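This report concerns only the one structure given below.
Sequence lines set the chain letters: A, B, ... in the order given, protein chains first and strands last, and positions in each chain run from 1. Hydrogens, waters and symmetry mates are skipped; everything else that's a heavy atom, side chains included, is used. Computed from a predicted structure; not experimentally measured.
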Amino acid sequence: AQSVTQLDSHVSVSEGTPVLLRCNYSSSYSPSLFWYVQHPNKGLQLLLKYTSAATLVKGINGFEAEFKKSETSFHLTKPSAHMSDAAEYFCVVSADREGFQKLVFGTGTRLLVSP
Amino acid sequence: NAGVMQNPRHLVRRRGQEARLRCSPMKGHSHVYWYRQLPEEGLKFMVYLQKENIIDESGMPKERFSAEFPKEGPSILRIQQVVRGDSAAYFCASSPTSGNSYEQYFGPGTRLTVT
């Protein structure tokens, strides 16, 4: 079965400093991996996705993530945090069984950005 | 192109009443997924539907919950005889087809409160 573990429930950074949100996955075959962001009382927005192409994936708003098979990790990074980045971030693995895409979500990491 | 639409955005029901949540997928999308987000948790897969077919309902509670996606009109998630534990945010997502390379687009969610 597929699963993801988000190692930090909360991450606090200062504006202008780097962001690192950690995610480890478990999958019995080559997974597709995603990062979604959820702002308070809003829906989910896709930041980026990995689907077995380039291991370094660039997303929207300056975010990127690197797929490391040897470490089973897919950490999300951003060089410089902005106040508007404060939100909940979900690492997601796709359980592609029998031809359909069933997303399995991590428990989320709340990013707090201070001035 | 309008995104995934869900209504109502907020729904309050007393225990024992029925809740009906509606989801209109993006134009051209024929695959609909429902997820539930309990407070302080990630999203959990409930059901995957195509037009007039339930493909996978492995995440649906065995009783009181049902879903449909008719040939015409929105997808409906129906909860009968609601209980306090049903209070959650329910998200709908759609995709043009299935498979890992097709990302799911999420609606803004319906927040159900059972009093």
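The interface of residues 107-115 of chain A with chain B, defined by heavy-atom distances below 4.5 Å, comprises Thr107(A), Arg110(A). Along residues 77-86 of chain A, no residue comes nearer than 4.5 angstrom to chain B, judged on non-hydrogen atoms. Residue-level contacts of residues 107-115 of chain B with chain A, in order of numbering, are Gly107(B), Pro108(B), Arg111(B); threshold 4.5 Å between heavy atoms.
Phe63(A) and Phe67(A) fall within a single hydrophobic cluster, where Ile, Leu, Val, Met, Phe, Trp and Tyr are joined by side-chain heavy atoms under 4.5 Å apart, directly or via other members. One hydrophobic cluster, built from ILVMFWY side chains closer than 4.5 Å, holds both Tyr50(A) and Ile60(A). Linking ILVMFWY residues whenever their side-chain heavy atoms come closer than 4.5 Å, directly or via other members, leaves Ile76(B) and Val32(B) in distinct clusters. Residues Met5(B) and Met26(B) do not share a hydrophobic cluster, clusters being chains of Ile/Leu/Val/Met/Phe/Trp/Tyr side chains in contact below 4.5 Å. Taking hydrophobic clusters as Ile, Leu, Val, Met, Phe, Trp and Tyr residues chained together by side-chain heavy-atom distances below 4.5 Å, Leu77(B) does not share a cluster with Leu43(B).
Residue Lys51(B) places its NZ atom among more than 12 non-hydrogen atoms of other residues, nucleotides or ligands, all under 6.0 Å distant. At most 12 non-hydrogen atoms from other residues, nucleotides or ligands lie less than 6.0 angstrom from CD of Gln81(B). The environment of CE in Met60(B) is crowded: more than 12 heavy-atom neighbours from other residues, nucleotides or ligands sit within 6.0 Å.
Tyr35(B) and Lys102(A) get closest at one heavy-atom pair: OH-C, 4.5 Å. Shown here for Gln37(B) and Phe90(A), the closest heavy-atom pair between the two residues is NE2-CZ, 3.5 Å.
Side chains of Phe91(B) and Leu44(A) form a contact here, defined as non-hydrogen atoms less than 4.5 Å apart.
The ring pair (Phe, Tyr, Trp, His ring centres under 6.0 Å) check on Tyr36(A) picks up Phe106(B), with sequence neighbours excluded.
With a 4.5 Å cut-off on non-hydrogen atoms, Gln6(B) does not touch chain A at all.
Options Glu88(A), Gln38(A), Gln45(A) differ in how many heavy-atom pairs under 4.5 Å they form with chain B, and the most are formed by Gln38(A).
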